Amino acid sequence: MKKIITSLMLVFLTLTISAQSSKEVRQWIKMGEWRNGFNKANPHKTLNINEFYTQYQKNTNQWNTLFQWLRDTDLEAIPKGKHPIPNSTLVASVEDSENSPLDKRNTESHKKKIDFMVVVKGTEGFALLDHASSTISVPYDDKKDVMRYQYDKNKTHFFHVKSGQFVIFFPSDWHIAKVQTKKKDQKIRVIVVKMDYVE
């Protein structure tokens, strides 16, 4: 009986700590100190706030540098192409492109990098793959830091990100970007930055 009571107390304590941690993370997101003054875009609701919080704490300087650059840069006027972000190893890829049909888009996930994407113009279509029903179609390429998947479309979560929003894909986020939407205009401007993933 003592063992059962002890086990129940441990479960309760774990759930309580977890709830407190989640509350703290939500408060941290809400307070927005992580923005470093960047207010041109808000996180999309798909953001894994716990993973973001953890990665920010482990690599604060890099995230602060990213948000400072986004804050101080005219995201609509900056030329298309790759732009090194000063005082860092980060590179911003400014892409003027178009969404395309799902069957033309590649799946991907990464181990070393985090995909940070801010939509500047238009609406970008995305998909998050279901892990249980997806299988690896192209093994992990260490040099390119990418892995590809076969997936069940019916178990895939599709969503849209409008201008003024950003998404962050962590290694556990198997995803597809630039998926055609129902909008008449499929043209988009998106800025992609590969952030370091810290174990």
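Just so it is clear, the values below take in all heavy atoms, side chains as well, and ignore hydrogens, waters and symmetry mates. The shown structure was predicted, so the numbers you read here are calculated from the model rather than taken from an experiment.
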| Between Lys112 and Asp142, does at least one N-O distance fall below 4.0 Å, as a salt bridge requires? | yes
| message | I'd like to know if the side chain of Trp34 reaches the main chain of Ile29, judged simply by a donor and an acceptor atom lying under 3.5 Å from each other, with no hydrogens or angles considered. | response | yes
| task | Spell out, as yes or no, whether a donor-acceptor pair under 3.5 Å connects the side chain of Gln165 to the backbone of Lys162. | result | yes
| query | Would a hydrophobic clustering, with Ile, Leu, Val, Met, Phe, Trp and Tyr connected at side-chain separations under 4.5 Å, put Leu128 with Phe166? | reply | no
| message | Test side-chain contact (heavy atoms from CB on, under 4.5 Å) on Asp196 and Trp63; report intermediate values, then the result. | response | CA-CA 9 Å; Asp196 292 327; Trp63 285 100; over 6 Å; no
| said: For the backbone of His131 and the side chain of Ser134, can you confirm whether one donor and one acceptor N or O come within less than 3.5 Å of each other? | reply: no
| request: Go through the side-chain N and O atoms of Asn42 and Arg35 and say whether any donor and acceptor fall under 3.5 Å apart. | output: yes
| task | Apply the test side-chain contact (heavy atoms from CB on, under 4.5 Å) to residues Glu24 and Gln27: give CA-CA distance (whole Å), side-chain angles for both, the deciding distance (0.1 Å), then the verdict. | result | CA-CA 5 Å; Glu24 287 172 15; Gln27 184 65 16; 5.6 Å; no
| field | NZ/NE/NH1/NH2 to OD/OE distance under 4.0 Å, Lys111 and Asp145 | value | no
| said: Please check: side-chain N/O of Asn36 versus main-chain N/O of Asn64, any donor-acceptor pairing under 3.5 Å? | reply: yes
| message | Using a 3.5 Å distance criterion without hydrogens, assess whether the side chain of Asp72 forms a donor-acceptor pair with backbone atoms of Trp69. | response | no
| said: Checking side-chain polar atoms at under 3.5 Å, does Asp115 have a donor or acceptor matched by the opposite partner on His175? | reply: yes
| said: Among Glu124, Gln186, His160, which residue satisfies the side-chain hydrogen bond (donor to acceptor under 3.5 Å, both in side chains) criterion with Thr181? | reply: Gln186
| query | If you take all heavy atoms of Ser109 and Pro171, which pair is closest and at what distance? | reply | CB-O, 4.0 Å
| field | From Gln150 atom CD to Ser137 atom OG, the distance as rounded to the nearest 0.5 Å | value | 5.5 Å
| Presence of salt bridge, Lys178 and Glu95, under 4.0 angstrom | yes
| Parallel, tilted or perpendicular, as decided by the 30° and 60° cut-offs, for the rings of Phe126 and Phe169 | tilted
| query | Any side-chain heavy-atom pair from Val94 and Arg189 closer than 4.5 angstrom? | reply | yes
| note | ring-ring contact (aromatic ring centres under 6.0 Å, His included) with Phe52: of Phe116, Trp28, Tyr197, only one passes, and it is Trp28
| field | Evaluation steps, ring pair (Phe, Tyr, Trp, His ring centres under 6.0 Å), between Trp174 and Tyr149 | value | CA-CA 8 Å; Trp174 305 352; Tyr149 302 88; 4.2 Å; yes
| said: Hydrophobic clusters here meaning ILVMFWY residues chained together by side-chain heavy-atom distances under 4.5 Å, can you tell me if Leu66 and Val161 are in one? | reply: no
| message | Given 3.5 Å as the limit, does a donor-acceptor pair link the side chain of Lys40 with the main chain of Thr73, or not? | response | yes
| Check against side-chain contact (heavy atoms from CB on, under 4.5 Å), His110 and Lys194 | CA-CA 10 Å; His110 316 287; Lys194 298 280 189 179; 3.4 Å; yes
| task | Dump the intermediate steps for side-chain contact (heavy atoms from CB on, under 4.5 Å) on Ile188 and Glu98, then the final yes or no. | result | CA-CA 6 Å; Ile188 55 171; Glu98 294 186 32; 5.8 Å; no
